[in-house]
Amino acid sequence: MKPAPFAYRRPGSLTEAVAALAGEPGAKVLAGGQSLVPLLSMRLAAPSMLVDINGLPGLDTITADHDGVTIGALARHADVLASADVRRTQPLVSMALAHVAHATIRNRGTTVGSLVHADAAAEMPVVLALLGGSLEVEGPSGRRTIAADELYVGPLESSVHHDEIAVSAFFPALAAGAGVAFDEIARRHGDYALVGAAALVEGDGADERVRVGYLSVCDVPTVVDLSGVPDDDLGDAALEHLDPAEDIHATADYRAQLVRVLTARVVRSARKGVTA
Ligand SMILES: Cc1cc2nc3c(=O)[nH]c(=O)nc-3n(C[C@H](O)[C@H](O)[C@H](O)COP(=O)(O)OP(=O)(O)OC[C@H]3O[C@@H](n4cnc5c(N)ncnc54)[C@H](O)[C@@H]3O)c2cc1C
C-alpha cells in the first residue's frame, strides 16, 4: 500500500516548524520516520501534512555532564549508542539501546522520536520512566518540560501536544553506589520484545531502593517499586502491579512468567553493578 496524500514542509528553523504545526491541526512531525512511515504506508495514520524536522539546526547534539545525558531530537539511536560519554554517565541508556531494532533502523530512527511515539513495547520510554527523566518540548506558547511520569497517558499516546516539537530528552546520571541492568526476551535480537525489564538499585541493606520498569507488559511503560521485597518474591510482587496483555505474540500467562524470570535477573545484575 501507499500512503494517503499529504502536504510536506521542511522548515529551516524551530519557529517555522512550530508555526507550520500550529496552522495545520492534522499535521505530524517527521523525525527518523522509522515508526511513522510504516504507519503511513499501511494507512494506519493519514496526517494532512508532514513537518519534516530533519533540516532544523542544532538538534542532533548529545551531551553528558555530571547531572545526566541530554539527547537532541535529531540524534539517531546509533549515535547515542556509540557515545562513550553516554555509556559512562548513564549506562542504562546504552544497555537498552543495544536492543532497539536493527542497525539500519538505529541509523535513522531518533531516540527522542521513540519517546514521543510512546510505544509500550519500546525500550527507551521505560528507561526514561525508570530514571525519572524528562522531555523538553517547544510549542506556540513557548517551551515546557514534561516529567517522564506525566508523559505516557495511553497506548501510543504521549502528553506532547500536536503543535509541540520535542527538542531534547534528559536522562539523569547514574548516582554513585547505584546499579542498573536491562534484559529482554524477543523472538530474534532486534525484534520488539515479548517482555523487557530494566532495574535501578540504589543504596544497600535496609536502605536499598529497588525499582523495575517493564516494556511490552502493560499499555504504557510501567515502573514498580520492589524495595524491601524478598528475592524469591520479586516477580510475583511486581505482577501485583501489572496486568500482562495477551496478543498474537504471547499469552498473558507466558508474559507473567517472563516478568518473574526477568525481574529476578535484572535485579540481581543491577545489584552487581552497585559500587561502594
Ligand atoms: C522493523 C522495525 C523494528 C523496530 N524495532 C524497534 C524496537 O525493537 N524497539 C524500539 O524501541 N523501536 C523499534 N522500532 C522503532 C524505531 O525505534 C523508531 O526509530 C522510533 O520508534 C521512532 O523514532 P523516529 O525518529 O523514527 O520517529 P518517526 O517515525 O519520525 O515518528 C514517530 C512518531 O513520533 C512523532 N515524533 C517524532 N519525533 C518527534 C519530535 N521531535 N517532536 C514531536 N513529535 C515527534 C511523530 O510525529 C510520530 O508520531 C522499530 C522500527 C522498525 C521499522
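Atoms within a ligand are numbered from 1 in the order they appear, just like the ligands themselves.
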Roughly how far apart are Ser216 OG and Glu184 CD, rounded to 0.5 Å?
8.0 Å
Atom 9 (N) of ligand 1 - nearest protein heavy atom and its distance
Glu123 OE1, 2.7 Å
Identity of the nearest option to atom 20 (C) of ligand 1, non-hydrogen atoms only, from Ser35, Ala45, Gly109, Ala31
Ser35
Interatomic spacing from CG in Leu174 to OG1 in Thr89 - rounded to 0.5 Å:
9.5 Å
Nearest non-hydrogen protein atom, atom 3 (C) of ligand 1
Ile105 CD1, 3.7 Å
Please work out, at 4.0 Å between heavy atoms, whether the side chain, the backbone, both, or neither of Val137 comes within that distance of ligand 1.
neither
Interfacing atoms of ligand 1 (cut-off 4.0 Å, heavy-atom, Asp191):
8 (O)
Does His77 come within less than 4.0 Å of ligand 1, judged by its heavy atoms?
yes
About how many Å separate CG of Leu156 and OG of Ser35, when rounded to the nearest 0.5 Å?
8.5 Å
Using a 4.0 Å cutoff against the non-hydrogen atoms of Val100, which atoms of ligand 1 qualify?
9 (N), 10 (C), 11 (O), 12 (N), 17 (O)
Less than 4.5 Å apart, side chain to side chain, heavy atoms only: is that true for Asp119 and Tyr192?
yes
Mind checking whether Ala166 has an N or O less than 3.5 Å away from an N or O of ligand 1?
yes
Just going by heavy-atom distances, which of Val116, Val160, Leu39, Leu97 is nearest to atom 36 (N) of ligand 1?
Val116
Taking only heavy atoms of Glu164, which atoms of ligand 1 are found under 4.0 Å from at least one of them?
43 (C)
Once rounded to the nearest 0.5 Å, what's the spacing between atom CD1 of Ile185 and atom CG of Leu262?
5.0 Å
Identify the closest protein heavy atom to atom 47 (O) of ligand 1: which residue and atom is it, and at what distance?
Val29 O, 2.6 Å
Any idea which protein heavy atom is nearest atom 37 (C) of ligand 1, and the distance to it?
Gly113 CA, 3.5 Å
Between Arg255 and Leu258, does the side chain to side chain contact (heavy atoms under 4.5 Å, CB included) criterion hold? Intermediate values first, please.
CA-CA 5 Å; Arg255 281 208 162 87; Leu258 293 184; 5.5 Å; no
Which residue from Thr110, Val126, Val127 reaches closest to atom 25 (O) of ligand 1 through any of its heavy atoms?
Thr110
Under 3.5 Å between some N or O of ligand 1 and some N or O of Leu36?
yes
Of all the atoms in ligand 1, which lie at a distance below 4.0 Å from a heavy atom belonging to Ala73?
41 (N)
Taking the ring of His189 and the ring of His99, is the distance between their centroids below 6.0 Å?
yes
Out of curiosity, is Lys28 lining ligand 1, as in a heavy atom under 4.0 Å away?
yes
for atom 32 (C) of ligand 1, nearest protein heavy atom and its distance come out as His117 ND1, 3.8 Å
Are Leu131 and Phe170 joined in one hydrophobic group, where the rule is that I, L, V, M, F, W and Y side chains link up if heavy atoms are under 4.5 Å apart?
no
Can you name the atoms of ligand 1, numbered from 1 with element, that are less than 4.0 Å from a heavy atom of Ile53?
41 (N)
Among Ala101, Gly32, Gly72, Ala169, closest by heavy atom to atom 4 (C) of ligand 1 is Ala101
May I ask you to check whether Gly33 has an N/O atom sitting below 3.5 Å from an N/O atom of ligand 1?
yes
Taking atom types as modelled, find out whether Glu136 and Thr145 have a side-chain donor-acceptor pair closer than 3.5 angstrom.
yes
How close does the nearest protein non-hydrogen atom get to atom 13 (C) of ligand 1, and which residue and atom is it?
Tyr192 OH, 3.0 Å
Can you measure from CG (Leu14) to CD (Glu138) and round to the nearest 0.5 angstrom?
4.5 Å
Mark yes or no for whether Thr263, through its side chain, and Val259, through its backbone, hold a donor-acceptor pair below 3.5 Å.
yes
As an exercise, identify every atom of ligand 1 less than 4.0 angstrom from a heavy atom of Gln34.
18 (C), 19 (O), 26 (O), 29 (O), 51 (C), 52 (C), 53 (C)
Whether Glu240 side chain and Ala238 backbone form a donor-acceptor pair below 3.5 Å
no
Please say whether His102 places an N or O atom under 3.5 Å from an N or O atom belonging to ligand 1.
no
Rounded to the nearest 0.5 angstrom, the CZ-CD distance for Phe6 and Glu24 is 12.5 Å
Does this structure show an ion pair linking Asp225 with Arg211, if we count only N-O contacts that are shorter than 4.0 Å?
no
Applying a strict 4.0 Å limit to heavy atoms, is Arg108 in contact with ligand 1?
no
